[in-house]
Amino acid sequence: MGCTSSSPENKGNGLSETERVMGGRRGIDKSERIHSASERVKVNARRKEKLSEANSKPQDLPMPKLNASGFLMADEVAKRISGSVETKDIVLGDTKSGTEEGLLYVSYAAMTQRGYYPDKPHKENQDTYYICPSKFGSGEGDAFFAVFDGHGESGHDCAHFAKTKLPVYLASSLKKERAALNAARLREDPNASKLPNAFHPSNWPYLEKKVYEKCCRNAYVLCNKAMHEDKKVKDAMSGTTAISVGFHAGRMTISNVGDSRAVLGYRVQEESPTPAEEEKMEIGDETNTDLVNEVGKKVKPGDIVAIPLSEDQTPYRKDERDRLKKAGARICSIDQMEGLVPMHENWGEVDLGVDVDIEGDPPRVWCMNHNYPGTAFSRSLGDSVGEDLGVNAEPEIVTKDVTKGDEILVIASDGVFEFLTNQRVIDICAKSNDPLHACTSLLEASYEQWLNYELRTDDITCIVLFMKNCRDDDPDVVRSLMNAKQQVKKSSNKMIRELSMPDGVATGKRRRRWKLSKSVVKVVCVKMDVKMDVKMEKKENRTV
């Protein structure tokens, strides 16, 4: 009656013919069965993720080859470099105007070099960069460049998260604002909607400076919030810096969180005297129209000078220290924390674009009664533990019209600027044939300095742009940018000018502190665990 008797062969294994044929699926639970194509895609994605995790384990990787001095061989260094293979050319600015004055001709390249840590020879590159060379946020002549420098155990995850999310948040915000402007324009002029491509993004109005800056600020804050909420990114004691440059409406907007940097190479123009200055010259009065570079040296027309477009956000800055202390942070260096140096706050107003910290013992951010997180920066994306102490993701923003004097733009991590001043970086680029050559030269110069002063080498990343534009300069704007750093500052005695820095000086101190700083977190964690055990034991004894 529709049933089949079991054959002798099936009695031994207790399976019917149907069960034996379907045995391949017999062990699959109902909830595990794949019913749709979308579920199959998810399962395959999980399998690939597990496979990639298994393949990424570093224990099977060969140790890098070292020379007699303990540094990487040349071929090992070459393996750690990636980036552009050629210089690329783009046209930015007002491409709709049809005039040369509204156009900006840009050549760019980018490179990154993975660092070397003797205790972690296979440590991932925690630096990364992002480039959208055209039509960023649906703007025909818009572009976006950014560098991210991760830190902490999950720094690479934080940097790549920011690289993925920050441009998306910014582009979305820019589109929304421009679309709203276009809708308002069409409402005011009903005939405009009848024109061809009236609703196309290429015809949307440009944003004003303040609106673009607001979009940048919101994008950073949203990216930071998303990083905290993403369970895959462990950002309690990890995070990333973020320095970005957006080109829009003939302007460049620099947004900065952390201690990565954007530096402009400006060629000094021949400046025509104003009528008031001509009158003073006729009567023999001296005029104060001379520009000076970042070390106070007068420059003449034709010179290329470094103009910082961002300022490192570190506890060296008094305004940042005050803000952090108001949030409940304690500021001190590792030597102070270890009792090797008396407690003080006499850090001076150090300009890290001009002064080079060869001692390697900067002021850090700590909890009031605990020795963590110990960040040497005052703002970042991530670092949720430090956020309660004022280490937030609020960017500092600078906007400048692009003019004919703006010839070089360098966006780089602190791997470049740790031992190279702003002017030295711009000088290296100015001597290069193209941006790719400039990137290569910067990596070589930075790496050489790391070998001189450290046992390790940090990740080194840079984006270099060469720019051409025929728009006239605004002398007042240029002078204000250059003179912003010319205030008289008291440098700490731990800081010296790079030009007078002998090779190898204070190397031992930097290397000792590096060993100390990498072990301090482990020591602190052990001490905290012991304290917690003692507290728990006392509590149990009282209970008994």
Side-chain angles (χ1 to χ4, degrees), residues 126-128 146-170 173 213-244 255-261 310-334 337 345 347 362-397 413-414 517 520-521 524-525 528:
Q126 294 189 317
D127 281 9
T128 188
V147 168
F148 307 92
D149 180 2
H151 51 263
E153 288 297 320
S154 301
H156 55 285
D157 291 332
C158 296
H160 283 277
F161 182 92
K163 172 185 176 179
T164 304
K165 297 294 184 180
L166 180 63
V168 173
Y169 287 128
L170 178 56
S173 183
E213 290 181 349
K214 183 188 74 172
C215 293
C216 292
R217 187 171 288 105
N218 291 341
Y220 272 71
V221 173
L222 287 173
C223 182
N224 186 58
K225 182 181 178 182
M227 190 180 296
H228 293 338
E229 295 173 350
D230 194 312
K231 296 180 180 179
K232 294 181 180 179
V233 181
K234 300 177 181 179
D235 71 339
M237 297 281 284
S238 299
T240 181
T241 70
I243 179 77
S244 64
S255 306
N256 180 43
V257 161
D259 57 2
S260 294
R261 203 174 295 171
S310 65
E311 188 172 3
D312 294 4
Q313 296 156 353
T314 73
Y316 273 123
R317 286 171 46 180
K318 186 178 184 304
D319 60 334
E320 288 293 277
R321 287 200 305 275
D322 293 342
R323 183 179 62 80
L324 292 166
K325 287 190 293 183
K326 284 182 180 179
R330 174 169 58 105
I331 309 297
C332 68
S333 67
I334 289 179
M337 187 184 69
E345 286 202 11
W347 306 109
R364 296 174 180 270
V365 183
W366 310 90
C367 287
M368 188 59 69
N369 299 315
H370 301 287
N371 293 334
Y372 64 85
T375 63
F377 43 83
S378 53
R379 306 190 194 199
S380 71
L381 296 174
D383 292 291
S384 58
V385 170
E387 195 162 19
D388 292 336
L389 305 173
V391 182
N392 60 38
E394 184 77 17
E396 292 182 320
I397 301 176
S413 65
D414 67 344
S517 63
V520 69
V521 174
V524 168
C525 289
M528 289 178 64

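Taken from CG in D414 to CG in D259, the straight-line distance is 4.5 Å, to the nearest 0.5 Å. Distance CG/L170 to SG/C215: 7.0 Å, rounded to 0.5 Å. Rounded to the nearest 0.5 angstrom, I397 CD1 and E213 CD are separated by 5.5 Å. R261 contributes atom CZ, which lies 9.5 Å from atom CD of E311 (distance to the nearest 0.5 angstrom). Rounded to the nearest 0.5 Å, atoms CD (E345) and CZ (R321) are 6.0 Å apart. The CE atom of M337 sits 4.0 Å away from the CH2 atom of W366 when rounded to the nearest 0.5 Å.
R323 places a side-chain N or O within donor-acceptor distance of the main-chain N or O of S378, the cut-off being under 3.5 Å. Within the 3.5 Å criterion, the main-chain N or O of G152 finds a donor-acceptor partner in the side chain of Q126. For the pair T164 (side chain) and H160 (backbone), a donor-acceptor distance under 3.5 Å is present.
With sequence neighbours excluded, no residue forms a ring-ring contact (aromatic ring centres under 6.0 Å, His included) with Y220. Qualifying side-chain contact (heavy atoms from CB on, under 4.5 Å) partners for P362, counting only residues two or more places apart in sequence or in other chains: Y316, D357, R364, A376. Not counting sequence neighbours, the partners of D322 by the side chain to side chain donor-acceptor pair (under 3.5 Å) test are K318. Annotation: side chain to side chain donor-acceptor pair (under 3.5 Å) contacts of H156 (sequence neighbours excluded): E124. Every side-chain contact (heavy atoms from CB on, under 4.5 Å) that A162 has, sequence neighbours left out, goes to F148, C223, M227, T240, L381. Residues passing the side-chain contact (heavy atoms from CB on, under 4.5 Å) test with N256, sequence neighbours excluded: I243, S310, Q313. K163 pairs by the salt bridge (charged side-chain N to carboxylate O under 4.0 Å, His left out) definition with nothing, not counting sequence neighbours. Annotation: salt bridge (charged side-chain N to carboxylate O under 4.0 Å, His left out) contacts of K214 (sequence neighbours excluded): E177. With sequence neighbours excluded, no residue forms a side chain to side chain donor-acceptor pair (under 3.5 Å) with K165. By the side-chain contact (heavy atoms from CB on, under 4.5 Å) test, S413 pairs with D127, V147, D149, S260, T461, sequence neighbours left out.
Considering every non-hydrogen atom in both T241 and G258, the closest pair reads CG2-CA, 4.0 Å. Between P315 and V365 the shortest heavy-atom distance is CG-CG2, 3.9 Å. Residues V257 and A393 come closest through the heavy atom pair CG2-O, 3.6 Å.
Contact check for L389 versus C367: side-chain heavy atoms found under the 4.5 Å cut-off.
Pairs engaging residues 215-241 under the salt bridge (Lys or Arg N to Asp or Glu O under 4.0 Å) rule: R217-E394 [sequence neighbours left out]. Among pairs with a residue in residues 369-388, those fulfilling salt bridge (Lys or Arg N to Asp or Glu O under 4.0 Å) read E320-R379, R379-E396, at least two apart in sequence or across chains.
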